[in-house]
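Take a look at the structure set out below.
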Amino acid sequence: MLRSKTFLKKTRAGGVVKIVREHYLRDDIGCGAPACSACGGAHAGPALELQPRDQASSLCPWPHYLLPDTNVLLHQIDVLEHPAIRNVIVLQTVMQEVRNRSAPIYKRIRDVTNNQEKHFYTFTNEHHKETYIEQEQGENANDRNDRAIRVAAKWYNEHLKRVAADSQLQVILITNDRKNKEKAVQEGIPAFTCEEYVKSLTANPELIDRLAYLSDEMNEIESGKIIFSEHLPLSKLQQGIKSGSYLQGTFRASRENYLEATVWIHGEKEEEKEILIQGLKHLNRAVHEDIVAVELLPRSQWVAPSSVVLDDEGQNEDDVEKDEERELLLKTAVSEKMLRPTGRVVGIIKRNWRPYCGMLSKSDIKESRRHLFTPADKRIPRIRIETRQASALEGRRIIVAIDGWPRNSRYPNGHFVKNLGDVGEKETETEVLLLEHDVPHQPFSQAVLSFLPRMPWSITEEDMKNREDLRHLCVCSVDPPGCTDIDDALHCRELSNGNLEVGVHIADVSHFIRPGNALDQESARRGTTVYLCEKRIDMVPELLSSNLCSLRSNVDRLAFSCIWEMNHNAEILKTRFTKSVINSKASLTYAEAQMRIDSAAMNDDITTSLRGLNQLAKILKKGRIEKGALTLSSPEIRFHMDSETHDPIDLQTKELRETNSMVEEFMLLANISVAKKIHEEFSEHALLRKHPAPPPSNYDVLVKAAKSKNLQIKIDTAKSLADSLDRAESPDFPYLNTLLRILATRCMMQAVYFCSGMDNDFHHYGLASPIYTHFTSPIRRYADIIVHRLLAVAIGADCTYPELTDKHKLSDICKNLNFRHKMAQYAQRASVAFHTQLFFKSKGIVSEEAYILFVRKNAIVVLIPKYGLEGTVFFEEKDKPEPRLAYDDEIPSLRIEGTVFHVFDKVKVKITLDSSNLQHQKIRMALVEPQIPGINIPPNVPDKALTAPGGKKRKLEK
């Protein structure tokens, strides 16, 4: 049956066009019930159960299916995901609304419907001739959709009665909309609110904790004093933004001060504007990463960023008065130049809430069901939840979701979602850091795995089309020990004309991951492989990452090769790119490759190739540095794990060999060569990587630190910085140059992916290269897969597809990749921090030599070279006399009771693990040498004064 939809649309020019769309209605769409004789075989995908298992519902003890409306799906997804909730009919009407209103919820409901054990069935009611309805005159879209849901529910009940007259099977509408429920009951449809139904499931009382309690803010106000001003409606916010009265931006809460935040203003200008927000009422219930509207305050009310560290330790609504007292601490006399544009949040444009990990702060009131949840992320406010499991959840990591934040509540309201496990356990803490950094880590779905090649796999004649056979070449790979995802391999050989041929061969991952399929979409979503201390979260399934795409030795593998002809001075004479098949002759570690190069007794083909590569790499590196490429430093930690317990038993900084540099030089060269090629072919939609030059103010700390040692650092260009770092040496202090390079690293901006058609500045500051991309690691970076596809099209080895030449879609991919790479870095750091804590927990008290990296108003930040570990030594402790401190920002230096500390001074510190706050255990450092009366801690005595009674931390200045 064919229906036509007609509607009018206004054009940009102001005209009106009539649009007619055809809408097909069918009578062969299955209801999903296997018991249905009329259409039992017509449904596709996971079906409902023949006899729904007894849900033990006191409201409806008969067999039943559930049919939720849109708001139940949007707000009660945590309930629907619970294993006890099965046999649910999800209407097309509902799915379309959810898709339009919340992409994350839509994805979660799609995942649930794909889980066959849950028996969720998607019914396309909008194309079924008996359930499709037209919108009536005067009826809004929301009311029409509510009616469509009721029509579908009624049809289901009548349909199931017709085909199974002796069955008690019913379909129950779940809705929290009072009017919709009343109309359903009037029409003879069994209907309950989500809360009514969940409370009737007597076998699953834990489900009640998962309920999201959504109440009208106006109704909440009667129960308490109004704390916050009302958020303006979206229409007023949009008008204000358009007129310039308000500014739109991303709300970023402070980790160190719960009463302070910044809003990064969205705009077309290259430099985003930052607005400072101070004080509870000005923050006005915004949560980290929300998109907000702010009103700029008059210049007379502008303030400076606070130097006070404040943690929220409130327990109830009365603590608002304490918050107001604390706000006075923020307002200190500062010079005019320290003031920043300051504003207040007037409304929320988009909430970006997510499930939060943390711990329950159990109420002191006995038998109370209301408790506060403290998130692991200090930028997130505490959340009030109701739970009957408080005793069982103490000392556990849990997940909580926010439901809303009324004007009269000091904290947002939320609900319990999941118990992750005991705090401090490795599996639990790893899960927490993955969730908190939004790292996708669920097992790959069957839909994704279905696109993997069938095993046993071998190279076919079809695979060899547009591909060179390079299996005769003496190719080898050089990687860290234990590496199974080998992306790259190299070769070097002398040509008959006396020149050298050098090849970089990269795993041809794009051969296995074709554009647009489920495997491609999941790889794009993950963006990068995440390497934790004991675990690797793969971007692509293991069959590819550790087998078919890994360039292991003595097996044929598909590759994408970049081959140069060079002279012995490493000057490139010719460059060519080809898809290839290789057979690596050796998979070496950096140490093994170095041993071959250094051994006079070894002169085989592999060793000769490595020596040639190493010689060329030295010349290439020298040339890069002469052009202004920076050689920076960052202390990296390597753990040695116990083979049985997998606990860290040793911790040391990573050793870098010549072979590390050798591999790096050729990877850089390949990336630059490929960047030039894809930009030549696709000037508007090449995926490139740039590293912006830091603003001069970023270098202040480096310049001042060098000056304190009578050294000059020039920052006009990358070349002048590189040269002055090379000259900054002290015969009496060999580690000084490393410390300066570590500081220089902290001054740098983040390198980012971008689409060439959306930017004019391509320069990579750190590499001193006018153009750069990522080509050499497609197993672990999705950016490289896109670059492989672009290069393949450029050389005629593969065909293009629409998204590849759409600069806006490429730009969106880049945004996700930049986010995923940033989160992966943070997750890796968090993993190192956790394993460092485990190491020092078993090690006990340790005293080590350290160097001062920064001086603060009341502390020094030190680096311990032996462990590559950084930490802060505070000089103010609770219940101790406050020492005389004098801070000089210009030198910079800190005088404590007559002893002066400068950047790079050598000290001795005691390292302990502070476990007083279970949620935020941390490495604490105390000064051992130099000796300062009343400050020093004996090197082998536990420092009981590190924490105040009750485990509460002293509030310190930064």
Side-chain angles (χ1 to χ4, degrees), residues 467-480 483 486-508 550-625 629 656-674 676-677 775-777 791:
R467 196 178 289 276
E468 279 188 50
D469 191 340
L470 302 179
R471 283 174 282 196
H472 61 284
L473 293 177
C474 187
V475 171
C476 68
S477 62
V478 184
D479 291 283
C483 178
I486 303 171
D487 285 289
D488 54 88
L490 300 153
H491 89 269
C492 176
R493 63 173 180 167
E494 192 160 344
L495 299 172
S496 56
N497 62 7
N499 290 329
L500 297 170
E501 179 187 85
V502 176
V504 166
H505 310 277
I506 305 300
D508 189 4
S550 184
L551 304 182
R552 302 187 298 187
S553 55
N554 304 312
V555 288
D556 292 348
R557 287 291 178 259
L558 302 179
F560 210 147
S561 300
C562 174
I563 300 169
W564 304 277
E565 184 178 332
M566 293 181 174
N567 61 25
H568 288 264
N569 293 323
E571 293 165 340
I572 297 170
L573 307 173
K574 289 179 189 172
T575 305
R576 69 187 183 92
F577 308 97
T578 179
K579 289 226 172 187
S580 61
V581 56
I582 64 167
N583 187 301
S584 173
K585 303 302 181 279
S587 299
L588 305 172
T589 65
Y590 291 117
E592 288 167 346
Q594 192 67 53
M595 185 191 71
R596 279 176 174 267
I597 290 168
D598 296 341
S599 172
M602 301 190 78
N603 290 294
D604 56 279
D605 289 347
I606 293 169
T607 306
T608 304
S609 176
L610 286 169
R611 284 183 185 138
L613 289 165
N614 198 38
Q615 283 300 112
L616 291 169
K618 287 177 181 177
I619 299 168
L620 288 168
K621 184 171 185 177
K622 186 170 179 283
R624 277 197 314 108
I625 289 169
L656 296 177
R657 296 177 172 85
E658 262 186 16
T659 43
N660 291 76
S661 180
M662 176 189 80
V663 173
E664 182 186 12
E665 285 307 315
F666 286 107
M667 296 306 111
L668 293 175
L669 189 61
N671 287 335
I672 291 167
S673 298
V674 170
K676 289 175 182 173
K677 179 68 177 176
F775 164 76
T776 53
S777 295
L791 185 61

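Just so it is clear, the values below take in all heavy atoms, side chains as well, and ignore hydrogens, waters and symmetry mates.
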Any side-chain heavy atom of Leu588 sitting closer than 4.5 Å to one from Ile606?
yes

Is there side-chain contact between Cys492 and Leu613, with heavy atoms separated by less than 4.5 Å?
yes

Please tell me if the side chains of Arg493 and Leu473 come closer than 4.5 Å, counting only heavy atoms from C-beta onward.
yes

Calculate, to the nearest 0.5 Å, the distance between atoms CE and CG belonging to Met602 and Leu610 respectively.
9.5 Å

Qualifying residues under salt bridge (Lys or Arg N to Asp or Glu O under 4.0 Å), relative to Glu468, sequence neighbours excluded
Arg576

So does Ile486 get a backbone contact from the side chain of Ser550, meaning a donor-acceptor N/O pair under 3.5 Å?
yes

Listed by chain and number, what are the side-chain hydrogen bond (donor to acceptor under 3.5 Å, both in side chains) partners of Asp479, not counting sequence neighbours?
none

With side chains defined as the heavy atoms from C-beta onward, is the minimum distance between Leu620 and Met662 less than 4.5 Å?
no

If you measure from the Lys or Arg side-chain nitrogens to the Asp or Glu carboxylate oxygens, is any gap between Asp605 and Lys585 under 4.0 Å?
no

Salt bridge or not between Arg557 and Asp508? Use side-chain N to carboxylate O under 4.0 Å.
no

Would you check if Leu500 and Leu495 make a side-chain contact, meaning some heavy-atom pair closer than 4.5 Å?
no

Holding to side-chain hydrogen bond (donor to acceptor under 3.5 Å, both in side chains), I want the full list of residues that pass it with Gln615, two or more places apart in sequence or in another chain.
none

Distance in Å, Leu791 CG paired with Phe560 CZ, rounded so as to fall on 0.5 Å steps
3.5 Å

How many angstroms lie between CD1 in Ile672 and CD1 in Ile572, if you round to the nearest 0.5 Å?
8.5 Å

Taking the side chain as C-beta and beyond, is there a heavy-atom pair between Asp488 and His505 under 4.5 Å?
no

When every non-hydrogen atom of Asn554 is compared with those of Asn583, the smallest separation belongs to CA-OD1, 3.3 Å

Evaluate the side-chain hydrogen bond (donor to acceptor under 3.5 Å, both in side chains) criterion for residues Ser609 and His491: first the C-alpha distance (whole Å), next the side-chain angles of each, then the deciding distance (0.1 Å), finally the verdict.
CA-CA 6 Å; Ser609 176; His491 89 269; over 6 Å; no

How far apart are the closest heavy atoms of Phe577 and Cys562, and which atoms are they?
CE2-SG, 3.5 Å

Might you work through the side-chain hydrogen bond (donor to acceptor under 3.5 Å, both in side chains) test for Asn603 and Arg611, ending with a clear yes or no?
CA-CA 10 Å; Asn603 290 294; Arg611 284 183 185 138; 3.1 Å; yes

For Ala593 and Val478, work out which heavy atoms get closest and say how close.
CB-CG1, 3.8 Å

Listed by chain and number, what are the salt bridge (Lys or Arg N to Asp or Glu O under 4.0 Å) partners of Arg624, not counting sequence neighbours?
Glu665

Go through the steps for Val663 and Tyr590 under the test side chain to side chain contact (heavy atoms under 4.5 Å, CB included), then give the verdict.
CA-CA 9 Å; Val663 173; Tyr590 291 117; 4.0 Å; yes

Classify the ring geometry between Trp564 and Phe666 as parallel (under 30°), tilted (30 to 60°) or perpendicular (over 60°).
tilted

side-chain hydrogen bond (donor to acceptor under 3.5 Å, both in side chains) partners of Asn499, counting only residues at least two apart
Glu565

Could you go step by step and tell me if Asp604 and Thr607 meet the side-chain hydrogen bond (donor to acceptor under 3.5 Å, both in side chains) rule?
CA-CA 5 Å; Asp604 56 279; Thr607 306; 2.8 Å; yes

Report the C-alpha separation of Ile506 and Ser561 in whole Å, then their side-chain angles, then the decisive distance to 0.1 Å, and conclude whether the side chain to side chain contact (heavy atoms under 4.5 Å, CB included) test is met.
CA-CA 6 Å; Ile506 305 300; Ser561 300; over 6 Å; no

Do you know the tightest heavy-atom contact between Ser587 and Ser553?
OG-N, 3.1 Å

Donor-acceptor contact below 3.5 Å, side chain Ser580 vs main chain Ile582:
no

Quick check: does any side chain N or O of Asn660 sit under 3.5 Å from a backbone N or O of Arg657, one acting as donor and the other as acceptor?
yes

Carefully, step by step, assess Cys476 and Leu490 under the rule side chain to side chain contact (heavy atoms under 4.5 Å, CB included).
CA-CA 6 Å; Cys476 68; Leu490 300 153; 5.5 Å; no

Given Lys622 and Ile619, is the side chain to side chain contact (heavy atoms under 4.5 Å, CB included) satisfied, shown in steps?
CA-CA 5 Å; Lys622 186 170 179 283; Ile619 299 168; 5.7 Å; no

Hits for side-chain hydrogen bond (donor to acceptor under 3.5 Å, both in side chains) against Asn614, two or more places apart or cross-chain, chain-then-number order -> Glu658

Looking at every non-hydrogen atom in both residues, tell me the closest pair between Thr659 and Ile597 and how far apart they are.
CG2-CD1, 3.7 Å

Does a side-chain heavy-atom distance below 4.5 Å link Val502 with Ile563?
no

